[in-house]
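Below, read A as the first sequence line, B as the second, and so on, with proteins coming before strands; counting in each chain starts at 1.
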Protein chains: 2
Amino acid sequence: MAEDKMKLENQICFSLYATTREMTKLYRPLLADLNITYPQYLVLLALWETNPLTVKALGSRLYLDSGTLTPMLKRMEKEDLIERYRSQEDERSVLVGLTEKGRQAEDKAACIPDLLLENIDMSEQEILHLKNTLNRMLEGTKEKGENG
Amino acid sequence: MAEDKMKLENQICFSLYATTREMTKLYRPLLADLNITYPQYLVLLALWETNPLTVKALGSRLYLDSGTLTPMLKRMEKEDLIERYRSQEDERSVLVGLTEKGRQAEDKAACIPDLLLENIDMSEQEILHLKNTLNRMLEGTKEKGENG
DNA sequence: TGTATTTTAATTGTGCACAATTAAATAGTA
DNA sequence: TACTATTTAATTGTGCACAATTAAAATACA
C-alpha cells in the first residue's frame with residue numbers, strides 16, 4: 001500500500017477542514033431569515049437547551065474561548081437575541097440569557113435541522129455513525145489538548 | 001427513536017465543526033518549526049504536489065476563494081515560501097510557485113502526517129473509512145453549492 | 001472589427017478563531 | 001488576617017473565511 005501521506009488527497013484533516021466549511025455554507029441561506037451566523041446559531045442551540053449559561057460554560061460546550069465569544073455575544077446582544085449580566089454569586093462570571101426575541105427564534109429555527117439534512121445525501125444510519133466517530137475523535141483530543 | 005434534532009449533541013455539523021478545530025490545534029505545535037499556519041500548510045501541500053499552480057487552481061483544490069488566498073499568499077511570499085507572478089499566456093492568472101525555501105520545507109514537514117496521526121486514537125482502517133465518508137459528503141455539496 | 005460577456009484576482013468589509021496578556025474576583029493558605 | 005494562587009472575562013493583535021464589488025484581460029459573437 002504505502003500511500004503518500006503528504007498528498008492532500010490522503011489527509012483526513014483536510015477532508016474535515018473542507019467538509020466543515022462546505023457544510024457551514026449550506027446553513028447560510030437557512031439562517032438568513034434569523035439574520036445570524038452559524039457560530040451564533042450554535043450559541044442559540046446551547047441556550048435553548050440550558051438558559052442561562054455562563055460564558056465559561058458556553059465556551060466548554062462549543063469549544064470556544066472568551067476571545068471568540070465576548071465579541072460574538074456583544075453582537076448578539078446588539079441584535080437583542082441575548083442579554084449578558086454578571087452573576088450575583090460570583091462576580092467573575094458573566095451569564096448569557098435569552099431575550100424574548102431569542103426565545104422566539106427557536107420556533108423559526110425548528111425546521112433548520114431537517115432542511116439541512118435534505119442537502120446531505122446520506123442515510124440516517126450513516127450520519128449517526130459519522131457523528132459517533134467524530135465525537136470519539138473529539139473526545140480523544142481532550143487527553144492531549146488543554147481543553148476544559 | 002425521535003431524537004430532539006435541536007440538541008447540539010445530535011447535530012452532525014456541530015461534531016464536524018468542533019472536531020475540525022480541535023484537529024487544527026493539534027497541528028499548531030507541529031507547524032511551529034516551519035512558522036506557518038494550517039491553511040498555509042495546505043497551500044504548501046498542494047504546491048508540493050504540483051508546482052506552480054494558479055490562484056484559481058489553488059482555490060479549487062482547497063475550496064478557498066481569492067478573498068482568502070490573496071492576503072494569505074502575500075504573507076507566505078513575505079516569508080519567502082512562495083513567489084507570485086502573472087501568467088504569460090493569460091495575464092488574468094497569477095501563478096504561485098515554490099521558492100527554494102518553500103521546496104526545502106517539504107523535508108522538514110515529512111514527519112508531520114505521522115506525528116499528527118499519533119494523536120488520533122483510531123485504526124488506519126477507521127480513519128480511511130471516515131475520510132471516504134467525508135469526501136463523499138463533500139462531493140455531494142457540489143451539486144447544491146456553487147463551488148468550482 | 002467592435003462590443004458584450006465571462007473569467008480571473010484583488011479589494012472591501014464583516015465576523016469568527018485563537019494565543020497572549022490584563023484585570024478583577026474568589027479561593028486557598030500560612 | 002494578609003498574601004499567594006487560581007479562576008473568569010475582556011482585551012489586543014494576527015490570521016483566516018467569505019460575500020460583494022471592482023478592474024483588467026480574454027473570449028464570444030453580432
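- Checking the phosphate oxygens (OP1, OP2) of C:dC16, no side-chain nitrogen or oxygen of B:Tyr17 falls inside 4.0 Å.
- A straight line from CG of A:Leu58 to P of C:dC16 spans 13 Å, rounded to a whole angstrom.
- Among the nucleotides D:dA19, C:dA10, D:dA26, the one closest to any side-chain atom of B:Glu91 is D:dA26.
- If you check every strand for non-hydrogen atoms under 4.0 Å, A:Thr54 touches sugar and phosphate atoms only.
- Closest to the side chain of A:Thr37, from the set C:dG15, D:dA25, C:dA17, is C:dG15.
- Rounded to an integer number of Å, the gap from A:Arg28 CZ to C:dG15 C1' is 10 Å.
- Not a single donor-acceptor pair under 3.5 Å links the side chain of B:Arg84 to the backbone N or O of B:Lys74.
- Ion pair A:Glu139/A:Arg136 not flagged as a salt bridge, since none of the NZ, NE, NH1 or NH2 atoms sits closer than 4.0 Å to an Asp/Glu carboxylate oxygen.
- Nucleotides of DNA chain C nearest to B:Leu73 and A:Arg75 differ in position, and the one nearer the 5' end is that of B:Leu73.
- Here the P atom of nucleotide C:dT8 and the NZ atom of B:Lys56 are 5 Å apart, to the nearest Å.
- OP1 or OP2 of C:dA10 sits under 4.0 Å from a side-chain N or O of B:Arg84.
- Between A:Asp33 and A:Lys108, no side-chain nitrogen of the basic residue sits less than 4.0 Å from a carboxylate oxygen of the acidic one, so the salt-bridge criterion is not met.
- Which of D:dC18, C:dA24, D:dA9 sits closest to the side chain of B:Thr68 comes down to D:dC18.
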Under the criterion ring-ring contact (aromatic ring centres under 6.0 Å, His included), I'd like the reasoning laid out for A:Tyr63 against B:Tyr17: C-alpha separation, chi angles, the key distance, then a yes or no. CA-CA 10 Å; A:Tyr63 297 82; B:Tyr17 167 81; 8.9 Å; no
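- Considering only the side chain of B:Asp90, D:dA26 comes nearest among C:dA25, D:dA26, C:dA10.
- In plain terms, the two heavy atoms of B:Met137 and A:Ile120 that are nearest each other are CE-CD1, 3.7 Å.
- Of the candidate nucleotides D:dC18, C:dA9, D:dC16, C:dA9 has the atom lying nearest to any side-chain atom of B:Ser66.
- Contact annotation: A:Arg92 side-chain N/O to D:dA10 OP1/OP2 distance is not under 4.0 Å.
- At whole-Å resolution of the value, CD in A:Gln88 and P in C:dT26 are 11 Å apart.
- For B:Thr99 (side chain) and B:Leu81 (main-chain N/O), a donor-acceptor pair under 3.5 Å exists by modelled atom type.
- Between A:Leu69 atom CG and D:dT11 atom P there is a gap of 14 Å when expressed in whole angstrom units.
- Rounding to whole angstrom units, CD of residue A:Glu89 and C1' of D:dT7 are separated by 16 Å.
- C:dC18 atom C1' lies 15 Å from atom CG of B:Leu31, rounded to whole Å.
- Contact check, B:Lys25 against C:dC18: a side-chain N or O comes under 4.0 Å of OP1 or OP2.
- Closest approach to the A:Gln40 side chain among C:dT8, C:dG15, C:dC18 is made by C:dG15 (side chain taken as heavy atoms from C-beta onward).
- The side chain of A:Arg21 has D:dC18 as its nearest neighbour among D:dT11, C:dT11, D:dC18.
- With D:dA19, D:dA9, C:dT11 as the candidates, the nucleotide lying closest to the side chain of B:Lys74 is C:dT11.
- Rounded to an integer number of Å, the gap from A:Leu53 CG to D:dT8 C1' is 15 Å.
- The side chain of B:Leu64 approaches D:dC18 more closely than any other nucleotide in the set C:dA10, D:dC18, C:dA19.
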